[in-house]
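Take a look at the structure set out below.
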Protein chains: 2
Amino acid sequence: MRSAPPDPVTLGRRATIKEVAELAGVSRSTASRALTGNGYVAEPVRLRVRQAASDLGYVVDAMARSLKQQSTRSIGVLVSDLRNEFYANLAAGASRQATRLGYTTMLIDDQGSAEDEMAAVEAFVAMRVAGVVATTVTPDTTRFLLRQRIPVVEVDRRFSDGDCDAVVIDNRGSARAATRHLLELGHRRIALLIDEDDWTTGRERREGYVDALEAAGIPHEESLVVPTGWDVDAARHAAREVLRGAHRPTAVFAANNVLAEGTWRAAAELGLRIPENLSLVAFDDVPWMSMVTPGVTAVAQDAGAMGRAAVQSLLDRIADPDAGTRTVVLSASLRRRGSTAPPADTVL
Amino acid sequence: MRSAPPDPVTLGRRATIKEVAELAGVSRSTASRALTGNGYVAEPVRLRVRQAASDLGYVVDAMARSLKQQSTRSIGVLVSDLRNEFYANLAAGASRQATRLGYTTMLIDDQGSAEDEMAAVEAFVAMRVAGVVATTVTPDTTRFLLRQRIPVVEVDRRFSDGDCDAVVIDNRGSARAATRHLLELGHRRIALLIDEDDWTTGRERREGYVDALEAAGIPHEESLVVPTGWDVDAARHAAREVLRGAHRPTAVFAANNVLAEGTWRAAAELGLRIPENLSLVAFDDVPWMSMVTPGVTAVAQDAGAMGRAAVQSLLDRIADPDAGTRTVVLSASLRRRGSTAPPADTVL
DNA sequence: CGGTCATGTGGCATCGATCCCACAGAGCAT
DNA sequence: ATGCTCTGTGGGATCGATGCCACATGACCG
């Protein structure tokens, strides 16, 4: 029976700073100073300690550290659905920015459910995260975190106006620009396909649509605002209804990428050619919109930038907890593609 | 000066179990038992403690708990690029499964960089995660974690054959099926567009392609295997080169969704009609492939299922650290769409 | 009435890292 | 010599929750 040398890394338990200190022949205090760089340590001692740590494969126990320091270097990121590219890009931007600034990220996908969301933030509180970036679905979430004195940045949509920082895009202005684009092409009957009204995103997009119509002196026709469910099929059915009639709109403004997909499929099913028979503008540019023929004109919001900005805001807030709350409004741009053209029966 | 009642939640620090115990008029031990449910507590006492906890907004300190218990209920998930839908779906599947099983997730996007990857796993070790699910880019990552005695499950690609559990799909078989589909349609000159060979994914897809050709008795022509970079532009250029010649292939098998996008764009630029002038099969089905006309025939792998399976494997491993390592191979299916048809000059 | 058991409760050490404080020794000026 | 500063090190309390163990109470039996 060969006996392997007792390798503290491969065999025993995980090394602690006490073991590092013993191996280096110093006290725990000195080892701690040598490794963290806080306080005096003679150079040769520092080297000895570092060597011992690496020999033992020592990695600091973040639990013990933050218990003592009463603070962590991690933030919580909460999104509604990672499978949706918008949230995925948002999360990626946030996570990378956090890493860059020396924080680790706890990311939770709450599936858009209020219950899961509350469970998620409880986990964040338990982990004593330094702050949270979230696309919430109820105002309770932010309220709960603020009661626990944990800074929050709401992203994409606002629920707690003024009570916390936020990062959003100019939904109203972008929706107005998209609608104006259609008006300038000569469209007069423009349908708005929209899934909800409770969040600032939906409400503001609708307001922007109305703004543009009013500015053009066009009466706001209630039947052209089409409420629908949140998934592709619901949107497809709703679009089919509104596009079937003889007096159908000449253009559709879809308030998000899912609704745009539904509209696109409905048009194909009805044999409507885009843009000859129907113009289409989408809110939220996603890859398929530039892959199809013709490409879909869309409002492009930079989700990654929103994530980065949110983390930046959060860390600013952590650095100065008493500053006034701030809302960062990012701009979005309209990407013109082939799906929008003057209506067939119009001469400009 | 009005003096507000001293509200422990809104004002002071975060409540500790000691404060809960005092408010309930019991000892810390009893409070702990009442809240965790381990050990005897009389029913009225339990209620009093729970009430006190909720009055104070008490949330357990996960740091202190896991320091004491020497274990955590969180796992690390490491992916290469959240902006890529494949990884986003994988992460979503993993995260949801973990939540379902009572674990929290630390998710890190390492941008496909070996350095970031090592930093990420150091953070995981520091947080004392119970295990890690990762799409790694070097064998070092897994090795490092295993040395720290942290269970690892490699997903999508394997680097540490046999040393740890893994969840992959049947790349070779799926690539074989995709190639065979083209052969059955009558194609004989089939190009393979591929970006790398170092990972098991690329290597196995290539092997599957070769398998199918050999089985059909078709000589493997070296010039039809086209190596390219990893982004859309590189793929587009490479595809343009191979599709330009007179003696061009009648079909292209793109080894992932990015390469398929490049091929699609190159074909459009060259005025090649799909499927009349060129058939296209992709590995990894993504939404645009069913939005464009014609739809793109593709091997669909269920990334969410891979994430779920990986977390399941990880928790199995945590439950039984000494079991033999296991590799779960998920199947993928070929979705036939309009982009594949018999070559123009062939009569079947 | 003493002993045993079941049911509850509290004291206290413990997890690992940090950091305040005390102190040692060296160098230097008074 | 005494007092002072500067550099460097170690002792020990501390963070919050847990869970072992000892002990208290009451019921019940022999």
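Every chain is numbered from 1 and lettered A, B, ... according to where its sequence line falls, protein lines coming before strand lines. Just so you know, these numbers use all the heavy atoms, side chains as well, and skip hydrogens, waters and symmetry mates. Please read all numbers here as calculations on a predicted model, not as lab measurements.
Remark: side-chain polar atoms of D165(B) are paired, donor with acceptor, to backbone N or O of R326(B) under 3.5 angstrom. The closest donor-acceptor contact from the side chain of T325(B) to the backbone of D163(B) lies at 3.5 Å or more, if one exists at all. With hydrogens and angles ignored, the 3.5 Å screen pairs no side-chain donor or acceptor of E19(A) with any backbone N or O of A52(A). Under a 3.5 Å cut-off, the side chain of D156(A) and the backbone N or O of T135(A) do not form any donor-acceptor pair.
Remark: S27(A) is not in phosphate contact with dT9(D), judged by side-chain N or O atoms under 4.0 Å from OP1 or OP2. Contact check, Y58(B) against dG16(D): no side-chain N or O comes under 4.0 Å of OP1 or OP2.
Residue R14(B) contributes atom CZ, which lies 15 Å from atom P of dC15(D) at whole-angstrom precision. Distance CZ (R73(B)) to P (dT18(D)): 14 Å, rounded to an integer number of Å. Taking atom CD of residue E43(A) and atom C1' of nucleotide dT7(D), one finds them 14 Å apart after rounding to whole Å. The NZ atom of K18(B) sits 12 Å away from the C1' atom of dT14(D) (whole-angstrom rounding). Rounded to whole Å, atom C1' of dT7(D) lies 17 Å from atom CG of N38(A).
The bend of the helix from dC1(C)-dG30(D) to dT30(C)-dA1(D), defined by the angle between the axes of its first five and last five pairs, stands at 70° to the nearest 10°.
Nearer to the 5' terminus of DNA chain C, by closest-nucleotide assignment, is the contact made by G25(B) (compared with the other of R28(B) and G25(B)). Residue order along DNA chain D, read from the 5' end via each residue's closest nucleotide, puts Y40(A) first among A31(A) and Y40(A).
At least one side-chain heavy atom of M63(B) sits under 4.5 Å from a side-chain heavy atom of T72(A). A heavy-atom distance below 4.5 Å is found between the side chains of M106(B) and T104(A).
DNA chain C lies under 4.0 Å from at least one heavy atom of each of the following residues of residues 60-72 of chain B: L67(B), K68(B), Q70(B).
With hydrogens and angles left out, the side-chain atoms of R128(A) and S66(A) include no donor and acceptor closer than 3.5 Å. Side-chain contact of R100(B) with Q97(B): a donor-acceptor pair under 3.5 Å is present, judged by distance alone. A donor and an acceptor atom, one from each side chain of E117(B) and T136(B), are nowhere located under 3.5 Å apart.
Taking a cutoff of 4.0 Å between a charged side-chain nitrogen and a carboxylate oxygen, R14(A) and D61(A) do not qualify as a salt bridge. A salt bridge links R96(B) with D81(A); the closest basic N to acidic carboxylate O contact falls under 4.0 Å.
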Just the atom pairs and distances: protein N or O near nucleotides 20-27 of chain D's N or O, under 3.5 Å.
none

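Test V152(A), L145(A), V129(A) against V121(A) for side-chain contact (heavy atoms from CB on, under 4.5 Å) and you get one pass: L145(A).
In summary, contact between chain B and DNA chain C, defined as any nucleotide atom under 4.0 Å from a heavy atom of the protein, begins and ends at dT7(C) to dG16(C) in the 5' to 3' direction.
Shown here are the side-chain contact (heavy atoms from CB on, under 4.5 Å) partners of E22(B), two or more places apart in sequence or in another chain: K18(B).
Sorted by first then second residue, the side chain to side chain donor-acceptor pair (under 3.5 Å) pairs that include residues 36-45 of chain A, not counting sequence neighbours, are E43(A)-R46(A).
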